Amino acid sequence: MERLKDAFSRALAAALPGQDIVLERPKAGEHGDLAFPCFRAAKALGGNPAELARRLAAELNVEGAALVAAGPYLNLRLAPLDRARVLLEAILQAEPARPYGSGEPHGEVVIVEYSSPNIAKLFTIGHLRSTMIGHALVQVHRFLGARVVRLNHLGDWGTQFGTLLAAYKRWAEAENPELSRDFPWAEEIPGARRSPLFRLFQLYVRFHAEEEKDPAMRDEARDWFRRLEAGDPEARRLWSWFREISLREFQRIYQRLGVAFDSLEMGEAFYEDQIAATLQRLEASGHLVEGENGARIVHLEDVGIQAPCLLQKADGTSIYATRDIAAGLYRQRTYAFDRCLYVVGGEQVLHFQQVFAVLEKLDPWFKGRLKHTPFGLIQLPEGKMSTRKGNVIFLEDVLDEAAQRVRAVIEEKNPELPDKERVAEMLGLGAVLFFNAINDRVKSITFTWERAVALDGDTGPYVQYAHARICSVLRKAGGDWAARARPSTEPCPESAGVDYLPVEAPQDLAGLEDPAAQELLFQLGGLPEAVRSAAREGMATALARQLLAVARAFSGFYTLCPVLAAENPAAVRESRLALCLATARALRQGLYLMGIQAPEEM
RNA sequence: GCAUCCGUAGCUCAGCUGGAUAGAGCGUUGGCCUCCGGAGCCAAAGGUCGUGAGUUCGAAUCUCGCCGGAUGCACCA
């Protein structure tokens with residue numbers, strides 16, 4: 001397909017010297033495989049687009065394909081069997097290191113900072129967005145050939161930590177120093193799991209509740225943070241204990257989600273010993289000036305940002321912007337990155353504008369390398385989630401509920417299924433993660449159980465179902481068809497590729513002339529662009545939707561084109577099996593990029 | 001008040017570097033299990049793309065105003 005694209009572009013460039021040649025993929029398969037809209041060129045040449053299209057169709061020649069004028073478009077169209085050959089070869093004969101749709105390794109270093117939960121808070125569905133958007137970006141960039149560094153900017157430093165220390169000293173140390181049992185005063189938060197982390201969280205919630213009545217408590221928290229940053233041994237000891245409690249829980253959840261990081265040690269606290277040097281450097285550059293009450297700030301009006309960036313509080317402690325800047329400098333030194341993507345909620349756009357602006361003032365090297373990838377909040381029908389009011393949805397409850405609903409469907413439809421628990425977990429995760437990815441990340445999502453764990457329609461399980469049915473057909477086909485739909489090794493972490501052994505496409509593709517087969521081929525052809533769109537847009541929306549389109553097209557093919565029917569000639573059977581196999585491979589790879597597994601039976 | 005983002009079918013959303021009849025799912029209505037898994041397939045109904053201007057051969061897509069909603073605006077992250 002790339003070859004055809006080049007040939008088409010070259011032919012057009014020769015015929016239209018000096019014109020920009022932009023090729024599109026037609027919206028509908030019946031138009032063809034590639035399209036050249038003639039509007040712009042016709043205008044530049046003073047002609048009419050439809051006429052130009054007709055002229056070009058008559059004059060140009062691209063080997064192996066037909067050029068057809070359709071109104072103002074010049075379409076390149078492959079004959080049905082050629083289209084089948086091109087796609088089947090691209091998918092089935094791909095080398096394991098270079099799966100269909102992947103990119104040449106180019107060595108650019110892309111840092112993705114994502115998930116970044118705060119210590120002592122439980123993982124809610126809110127955290128799922130950053131975690132899975134980030135994970136998909138990691139996968140997609142790897143797939144396209146980048147070297148990716150996965151960073152979790154853990155919220156393990158800052159005044160909020162002072163809050164926790166203050167709360168612990170106030171109530172827990174005397175009452176429950178081991179955090180091993182529930183606090184008598186603690187309100188029960190429905191659905192939460194009993195764990196030391198949960199009790200830490202209760203302390204945090206209580207502190208905020210009482211702080212409303214007694215604002216002086218805020219100073220208490222700030223003072224604990226000051227002591228922590230000053231190296232007070234008791235504060236440090238508690239800090240590392242709380243951190244450990246939290247990390248243990250987070251690790252469990254990451255494992256369940258199939259998400260991993262290059263290091264979990266590079267949270268905010270990691271940059272603590274670099275804060276002084278960072279401030280000095282800002283000082284030396286002349287950008288750091290005194291603000292109100294002796295706080296220190298950097299003015300940004302000159303770059304169009306009205307609010308100055310606060311870097312040192314009046315009490316001399318650091319603030320998150322300071323640590324983000326220290327982190328930026330550290331990453332520059334350590335990774336010499338080409339891009340650094342911050343997958344952080346949209347409420348922090350101003351913060352990142354400020355941080356980026358300060359870094360660019362410090363070193364123009366940063367220009368164009370830093371990118372905030374914001375996303376919308378998850379809201380409840382009754383409004384915002386609020387930890388203090390206890391109306392939060394815990395991620396694990398959502399995952400459990402999803403798996404449980406899947407389990408009920410399995411009992412109804414396929415009670416004989418082996419390994420029910422494992423499959424239910426895969427499908428439940430598929431539902432939740434796919435739902436999380438299918439919509440524009442910038443928009444806020446209103447959470448309802450109904451939709452978050454839906455199993456019908458445009459959902460992960462729909463795509464997984466298509467994959468499972470293909471596997472079922474391949475099993476029935478006998479031979480090693482089923483084995484070929486199975487990856488040859490574990491997925492390669494460096495390339496995010498699912499490795500399959502190359503398979504020769506059949507010589508005779510007679511079974512693939514049917515329009516339903518052609519539609520499936522057309523949708524498979526859209527996958528590489530969908531992956532690139534995901535990387536470009538910083539979200540998996542296009543990929544998720546293209547996978548749905550492939551799955552839907554497969555369902556059409558499956559109902560209209562029997563694969564294993566006894567009356568099928570051998571060539572029809574073989575070519576259709578090859579298309580099934582290609583589809584299964586493409587679906588599994590696509591889902592894998594989104595962090596979703598594809599069971600062979602469900 | 002200022003800034004950013006959002007406003008497309010009854011509901012939830014795609015489509016937005018301007019281009020071929022504005023697409024899905026849910027819900028509604030009506031068909032499909034003698035045939036590879038009905039978690040499925042086919043069909044129908046349903047849209048002044050918030051609104052008013054502008055740019056353009058062409059605007060859901062770009063610009064500006066207005067209306068509605070979300071978020072943010074230094075000592076939290």
Side-chain angles (χ1 to χ4, degrees), chain A residues 22 24 26-28 31 35 37-40 42-43 48-49 70-73 75 116 118 121 153 155 157-163 218 221-222 225 268 291-297 304-315 317-321 323-324 344-351 353-354 374 376-377 379 384 406 409-410 412-414 427 438-440 442-446 448 450-451 454-459 461-462 464-466 468-477 536 541-542 544-545 548-549 552 555-556 558-566 576 580 601-602:
Chain A
V22 179
E24 294 179 351
K27 290 205 168 84
H31 290 304
C38 298
F39 304 96
R40 207 158 305 156
K43 192 177 179 190
N48 143 341
Y73 287 84
N75 293 322
S116 312
N118 286 336
K121 286 194 189 165
H153 197 65
W157 206 247
T159 306
Q160 45 144 5
F161 229 98
T163 304
R218 214 157 298 171
R222 281 203 202 102
F225 176 56
E268 288 193 75
E292 290 163 25
N293 309 324
R296 330 196 71 190
I297 61 176
I305 301 169
Q306 295 316 306
C309 186
L310 176 74
L311 290 168
Q312 188 175 47
K313 296 188 278 186
D315 64 4
T317 56
S318 69
I319 188 167
Y320 64 121
R323 299 186 286 273
D324 269 334
V344 181
E347 64 278 10
Q348 293 196 38
V349 281
L350 177 62
H351 168 249
Q353 281 171 4
Q354 293 175 322
L377 275 66
Q379 302 193 307
K384 261 169 114 171
V406 172
V409 177
I410 290 174
E412 182 199 329
K413 315 236 177 193
N414 194 5
L427 295 176
I438 191 167
N439 290 325
D440 189 324
V442 171
K443 297 184 184 175
S444 61
I445 293 180
T446 300
T448 62
E450 176 99 334
R451 266 183 292 129
L455 306 174
D456 304 321
D458 281 357
T459 63
Y462 178 85
Q464 291 168 311
Y465 180 60
R469 279 153 101 207
I470 296 172
C471 290
S472 169
V473 172
L474 296 176
R475 272 194 304 275
K476 288 210 164 65
R536 193 172 54 241
T541 304
R545 291 189 183 266
L548 279 174
R552 209 176 294 127
S555 291
Y558 178 85
T559 28
L560 294 171
C561 303
V563 178
L564 303 175
R576 288 183 177 170
C580 285
E601 272 185 90
M602 60 190 265

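None of the values given here were measured: they were computed from a predicted structure. All values below were derived from every heavy atom in this structure, side-chain atoms included, with hydrogens, water molecules and symmetry-related copies excluded. Numbered from 1 within each chain, the chains take letters A, B, ... in sequence-line order.
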Pairwise distance [atom1]([X]) to [atom2]([Y]) - rounded to 0.5 angstrom:
X	Y	atom1	atom2	result
A:Leu548	A:Ile438	CG	CD1	5.0 Å
A:Cys580	A:Arg469	SG	CZ	10.5 Å
A:Ile470	A:Tyr558	CD1	OH	10.0 Å
A:Asp324	A:Gln348	CG	CD	8.0 Å
A:Lys443	A:Leu377	NZ	CG	15.5 Å
A:Ile445	A:Arg451	CD1	CZ	8.5 Å

What is the distance from [atom1] of [X] to [atom2] of [N], rounded to the nearest Å?
X	N	atom1	atom2	answer
A:Ile445	B:rG69	CD1	C1'	17 Å
A:Glu601	B:rG40	CD	P	18 Å
A:Tyr462	B:rG25	OH	C1'	10 Å
A:Ile470	B:rG40	CD1	C1'	13 Å
A:Tyr465	B:rG37	OH	P	9 Å
A:Arg552	B:rC42	CZ	P	9 Å
A:Gln354	B:rU4	CD	P	15 Å
A:Leu427	B:rA39	CG	P	12 Å

Smallest separation among heavy atoms of [X] and [Y], with atom names:
X	Y	result
A:Thr541	A:Asp440	OG1-N, 3.8 Å
A:Phe225	A:Ser318	CE2-O, 3.7 Å
A:Pro72	A:Phe39	CG-CZ, 3.5 Å
A:Gln160	A:Gly155	NE2-O, 3.0 Å
A:Glu268	A:Tyr320	OE1-CB, 3.9 Å
A:Ile297	A:Gly291	CD1-CA, 4.0 Å

Treating primed atoms plus P, OP1 and OP2 as sugar-phosphate and everything else as base, which nucleotides of nucleotides 70-77 of chain B get B, S or - for protein heavy atoms under 4.0 Å?
-SSSBBSB

When the nearest nucleotide of RNA chain B is assigned to A:Ala35 and to A:Gln353 on a heavy-atom basis, which residue is associated with the more 5' position?
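The residue closer to the strand's 5' end, by nearest nucleotide, is A:Gln353.
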
Go nucleotide by nucleotide along RNA chain B from the 5' end; which of A:Val406 and A:Arg545 gets its closest nucleotide reached first?
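Looking at the nearest nucleotide for each, A:Arg545 comes out on the 5' side.
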
Looking for any heavy atom pair under 4.0 Å, which part of the strands does [X] touch: base, sugar-phosphate only, or nothing?
X	result
A:Cys561	base
A:Pro26	base
A:Ile410	base
A:Pro562	base
A:Asn75	base

So, using side chain to side chain contact (heavy atoms under 4.5 Å, CB included) as the criterion, who are the partners of A:Ala307 when residues are at least two apart?
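A:Ala307 satisfies side chain to side chain contact (heavy atoms under 4.5 Å, CB included) with A:Leu350, A:Gln354 once adjacent residues are dropped.
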
Side chain to side chain contact (heavy atoms under 4.5 Å, CB included) between A:Trp157 and A:Arg323, intermediate numbers included
CA-CA 9 Å; A:Trp157 206 247; A:Arg323 299 186 286 273; 3.6 Å; yes

[atom1] atom, [N] versus [M]: distance in rounded Å?
N	M	atom1	value
B:rA14	B:rG58	P	29 Å
B:rG10	B:rG72	P	32 Å
B:rC73	B:rC66	C1'	24 Å
B:rG23	B:rU61	C1'	15 Å
B:rA43	B:rA24	P	10 Å
B:rC67	B:rG30	P	46 Å
B:rU12	B:rC57	P	38 Å
B:rC26	B:rA9	C1'	12 Å

Please assess A:Arg222 against A:Thr317 for the test side chain to side chain contact (heavy atoms under 4.5 Å, CB included), listing each intermediate value before the final yes or no.
CA-CA 9 Å; A:Arg222 281 203 202 102; A:Thr317 56; over 6 Å; no

Taking side chain as C-beta onward, heavy atoms only, is A:Asp458 less than 4.5 Å from A:Arg552?
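In short, these two side chains touch, coming nearer than 4.5 Å.
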
So, do A:Lys313 and A:Thr159 sit near enough that their side-chain heavy atoms are less than 4.5 Å apart?
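Yes, side chains in contact.
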
Please, what dot-bracket string fits RNA chain B when only Watson-Crick and G-U pairs with both distances under 3.5 Å count, crossing ones use [ ] and pairs to another strand use |?
(((((((..((((.....[...)))).(((((.......))))).....(((((..]....))))))))))))....

Give each protein N/O atom lying under 3.5 Å from an N/O atom of nucleotides 26-33 of chain B, with the pair distance.
none

I'd like a list of close polar pairs between nucleotides 55-60 of chain B and the protein, N/O only, cut-off under 3.5 Å.
none

Would you find more than 12 non-hydrogen atoms of other residues, nucleotides or ligands less than 6.0 Å from A:Arg40 atom CZ?
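12 or below, so no.
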
List, with names and distances, any nitrogen or oxygen atoms from the protein found under 3.5 Å away from nitrogen or oxygen atoms belonging to nucleotides 6-11 of chain B.
unit_1, atom_1, unit_2, atom_2, d
B:rG7, OP1, A:Lys443, NZ, 3.3

I want to verify the glycosidic state of B:rC33; is it syn or anti under the 90° rule?
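What B:rC33 shows is a syn base, its glycosidic angle lying within 90° of 0.
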
OP1 or OP2 of B:rC42 versus the side-chain N and O atoms of A:Tyr558: is any pair under 4.0 Å?
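Answer no for this pair, as no side-chain N or O of A:Tyr558 is under 4.0 Å from OP1 or OP2.
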
Can you check whether any acceptor in the base of B:rG37 is under 3.5 Å from a donor in the side chain of A:Ser472, or vice versa?
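Answer is yes: a donor-acceptor pair is held.
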
